[in-house]
Amino acid sequence: MSYKGLKMNTREVLLLKIIKMNKCMNQRFLAKKTGFSLGNVNKLLNNLTSQNFIDFNNNLTEKAELLFSDNQPQRAIILAAGYGMRMVPVNVETPKGLLIIDNETLIERIIKQLHEVNIYEIYVVVGFMKESYEFLIDKYGVKLICNPEYAKRNNLHSLFLASDFLSDAYIVPCDVWCRNNEFNTFELNSWYLINDDYDEDSEIIVNKKMELLKCHKSNKKKRMIGIAYINKEDSVKLKTRLKELDDNSKYDSSFWEEAAFFNNKMIFSPNTIAVDSVVEINTYEQLRSFSPSNRSLKHVVLDTISDVFNVSLDSIKNIKVLKKGMTNRSFIFSCGDARYIMRIPGEGTDMLIDRRQEYDVYEALKEKDICDTNVYFNPETGYKITKYIENSRVCNPYDQEDLEKCMRKLNQFHELGLKVKHSFDIFRQTEFYESLWEGKPSSYKDYINTKNNVFSLKHFIDSQKKDSSLTHIDAVPDNFLIYNNTEGKECISLIDWEYAGMQDPHVDIAMFCIYSLYNKEQVDNLIETYFKFNKSKCNDDIITKIYCYISACGLLWSNWCEYKSSLGVEFGEYSLCQYRYAKDYYKIAIERIRKNQDE
């Protein structure tokens with residue numbers, strides 16, 4: 001008779017496993033190990049005896065031994081696809097799974113521990129720096145599953161890609177270090193690993209029935225470790241749920257655990273371990289705290305900070321990644337009593353940005369009260385350090401008061417009439433970004449027609465009288481920082497000048513509109529708001545010209561997004577909207593141009 005998949009009470013399973021692993025019959029010992037009262041232990045032992053899993057001396061019976069032999073784990077899935085953005089700056093060169101602790105990588109330690117319990121069928125889901133994991137195939141016989149969408153989808157999608165192998169399988173994140181081997185040669189139920197450490201970011205609690213429930217407001221939320229075991233029966237449910245959520249873009253940013261909830265209850269039972277049994281290495285600071293002498297902590301980025309401020313690496317503290325930008329990876333750090341931002345150029349940035357030109361822009365802006373101040377800028381690497389502006393916020397593009405403040409600042413900058421040696425040609429850049437596709441066609445079926453239409457607007461733009469001066473090009477709401485200075489006066493700094501060059505300043509109006517995803521009414525309001533503070537008057541030709549810029553800039557950033565997409569960096573709705581601006585505002589602009597010609 002087979003006992004595979006036999007449903008048992010969670011408490012009985014825990015007690016039976018402890019008896020199996022400890023060969024112990026002492027009820028006090030069992031109570032201490034389980035955390036149950038003596039009365040509950042006694043009751044559970046009686047239940048196990050009545051089911052013929054133990055005898056009256058609490059020894060395992062033949063039925064129990066058969067139960068264990070019938071419920072042996074068969075495989076493991078290791079999730080290693082993500083960027084590990086919070087590991088900046090370490091992840092610039094090393095994916096999280098290959099961080100070295102005590103002379104072995106995190107993922108190799110996991111694999112070795114799986115081998116110790118006879119698990120050799122191992123699947124590793126890879127994405128970011130996937131080539132770095134290739135050696136595992138020959139060294140350990142693992143199989144790699146590639147997640148090409150690692151940049152825009154979280155590990156729910158990664159597990160979905162491996163869902164054919166979920167039955168009797170361990171699920172393991174690549175960024176954990178297990179002090180002891182948390183895997184076993186037998187598993188009687190599906191479980192999820194937690195510890196008793198309170199975690200405000202968690203969403204699960206354990207109820208009196210030993211069930212894992214979703215509860216966001218509780219003060220008893222358990223730390224979720226991410227390691228789990230799932231048996232054959234429960235894997236069918238999880239696989240179905242993964243497919244359902246994976247088909248819904250709403251869950252692109254979700255962790256795989258979201259699929260394990262049914263009516264706010266997890267299909268897994270809790271497997272509780274001591275707080276320090278498993279260490280998660282999610283951030284640079286966690287790595288430094290756990291392994292102070294780790295060689296991964298020494299990095300050229302940190303060496304740069306050390307040299308700039310003439311301090312030791314230990315003096316660089318409180319490293320915290322900023323929200324991933326569209327071009328760069330950046331992090332905040334403390335040095336002395338102040339905080340700073342370190343910018344690290346992102347994937348493919350060397351093809352998009354001329355850092356020497358950016359350096360020249362900052363030189364032109366010096367002491368003009370327009371932008372934040374650079375503490376350090378290396379035009380060769382693109383590394384940049386600026387002082388962090390405390391208690392700042394970005395412009396709200398839907399708040400008229402904010403718009404007026406920021407358009408006044410933009411006019412202040414434009415009226416300076418600053419000059420640099422390089423220009424930003426929208427149409428030439430659009431073709432340059434297209435060339436980076438390396439001959440691959442656009443994802444948009446009507447791209448050629450759209451491009452021809454947009455480029456036809458160049459004749460009208462060139463026919464207009466324009467003042468060429470230093471233009472931000474990326475003057476979007478997120479790049480206007482609003483804050484109070486030390487004297488309590490409200491200030492605005494315009495930041496991120498990577499694309500800046502000589503151009504018609506009215507391009508900045510178009511850029512603000514398309515990034516804000518404005519409709520036409522909002523576009524017209526912004527134009528009117530800008531010219532409140534401008535010395536020149538706005539006429540119909542200027543408005544038409546700005547509509548042309550909206551169309552041209554929409555195509556520009558759409559092409560930019562298509563290039564970044566080839567590098568695994570996706571921008572979802574933003575990319576689609578830019579292409580729509582190219583098409584929709586071509587129609588608006590050309591209609592105005594033709595109407596003016598007819599008149």
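Below, each value reflects all heavy atoms present in this structure, side chains not excepted, and no hydrogens, waters or symmetry copies. In this text, all values refer to a predicted model and were calculated from it rather than measured experimentally.
Within a 6.0 Å radius of NZ in K214, other residues, nucleotides and ligands contribute more than 12 heavy atoms. A 6.0 Å sphere centred on NZ of K130 holds no more than 12 heavy atoms belonging to other residues, nucleotides or ligands. The environment of N248 atom CG is dense: over 12 non-hydrogen atoms of other residues, nucleotides or ligands sit within 6.0 angstrom. Annotation for N391: atom CG does not count as buried by contact number, only 12 or fewer foreign heavy atoms lying within 6.0 Å. Shown here is K112, whose NZ atom has more than 12 heavy atoms of other residues, nucleotides or ligands within 6.0 Å. More than 12 heavy-atom neighbours from other residues, nucleotides or ligands sit within 6.0 angstrom of CD on E390.
If you take CD1 on I227 and SG on C178, they are separated by 4.0 Å, rounding to the nearest 0.5 Å. Taking CH2 of W256 as the reference point, atom CG of L79 lies at 8.5 Å (rounded to 0.5 Å). Here N147 contributes atom CG and L161 contributes atom CG; the two are 5.0 Å apart, rounded to the nearest 0.5 Å. The distance from the CG atom of N271 to the OH atom of Y192 is 11.5 Å, given to the nearest 0.5 Å. Separating the CG atom in D252 from the NE2 atom in H157 is a distance of 8.5 Å, to the nearest 0.5 Å. The distance from the CD1 atom of I122 to the CZ atom of R75 is 11.5 Å, given to the nearest 0.5 Å.
In the model, E244 has no side-chain atom that pairs as donor or acceptor with a side-chain atom of Y251 under 3.5 Å. For the residue pair S443 and E562, a side-chain donor N or O sits within less than 3.5 Å of a side-chain acceptor on the partner. Between the side chains of E187 and Y170, at least one donor-acceptor pair of N or O atoms lies under 3.5 Å. Checked by atom type, the side-chain pair Y515/D478 shows a donor-acceptor distance below 3.5 Å. Neither side chain, S253 nor N154, offers a donor N or O lying under 3.5 Å from an acceptor on the other.
Of the possible polar contacts, none joining the E211 side chain to the N207 backbone as a donor-acceptor pair under 3.5 Å is found. Proximity of a side-chain donor or acceptor of Q74 to a complementary backbone N or O of Q72 within less than 3.5 Å is detected. Of the possible polar contacts, none joining the N264 side chain to the L213 backbone as a donor-acceptor pair under 3.5 Å is found. A donor-acceptor pair is defined here as one N or O able to donate and one able to accept, closer than 3.5 Å; no such pair exists between the side chain of N263 and the backbone of K265. For the pair S190 (side chain) and F268 (backbone), a donor-acceptor distance under 3.5 Å is absent.
By the 4.5 Å heavy-atom criterion applied to side chains, E258 and E203 are counted as neighbours. Considering only heavy atoms from C-beta on, N118 comes within 4.5 Å of Y120 through its side chain. Within the 4.5 Å cutoff, side-chain heavy atoms of Y340 are placed close to those of C335. When side chains are defined from C-beta on, V476 does not count as touching D496, because their heavy atoms never get closer than 4.5 Å. Side-chain atoms of T386 and I495, non-hydrogen and from C-beta on, never get closer than 4.5 Å to each other. In this structure the side chain of M342 reaches within 4.5 angstrom of the side chain of I305, judged on heavy atoms. Contact annotation: the side chain of L159 approaches that of I77 to within less than 4.5 Å [non-hydrogen atoms, C-beta and beyond]. Contact check for Y229 versus P73: side-chain heavy atoms found under the 4.5 Å cut-off.
Between E280 and K96 there is no salt bridge, since no side-chain N of the basic residue sits under 4.0 Å from a carboxylate O of the acidic one. A salt bridge links E498 with R343: the distance from a Lys NZ or Arg NE/NH1/NH2 to an Asp or Glu carboxylate oxygen falls below 4.0 Å. With respect to R153 and D246, a salt bridge is recorded, a charged nitrogen being found less than 4.0 Å from a carboxylate O.
For V176 against L106, the heavy-atom pair with the smallest separation is O-CD2, 3.8 Å. The two residues E182 and L193 make their nearest non-hydrogen contact at CG-CD2, 4.3 Å. The two atoms that bring N195 and A274 nearest to each other are CB-O, 4.1 Å, heavy atoms only. Nearest approach of C561 to S575, heavy atoms of both residues: CB-OG, 3.5 Å. When every heavy atom of V375 is checked against every heavy atom of V308, the shortest pair comes out as CG1-CG1, 4.2 Å. Across every non-hydrogen atom of L242 and A259, the tightest pair is CD2-CB, 3.6 Å.
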*Intermediate values then yes/no, side-chain contact (heavy atoms from CB on, under 4.5 Å), L99 and T105*: CA-CA 5 Å; L99 289 176; T105 65; over 6 Å; no
For the pair R109 and W177, evaluate side-chain contact (heavy atoms from CB on, under 4.5 Å) and give the outcome as yes or no after the intermediate values. CA-CA 8 Å; R109 182 177 179 85; W177 184 88; 3.3 Å; yes
- Item | Audit row: I332, N318, side-chain contact (heavy atoms from CB on, under 4.5 Å) steps and yes/no | CA-CA 8 Å; I332 300 173; N318 304 316; over 6 Å; no
key: Pair E108-L136, side-chain contact (heavy atoms from CB on, under 4.5 Å): steps then yes or no   = CA-CA 8 Å; E108 286 185 272; L136 298 174; 4.1 Å; yes
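Using the six-membered ring where Trp is involved, F309 and F333 have ring planes that are perpendicular, over 60° apart on the 30 and 60° scheme. A tilted orientation is assigned to the rings of Y150 and F128, their planes being inclined by 30° to 60°.
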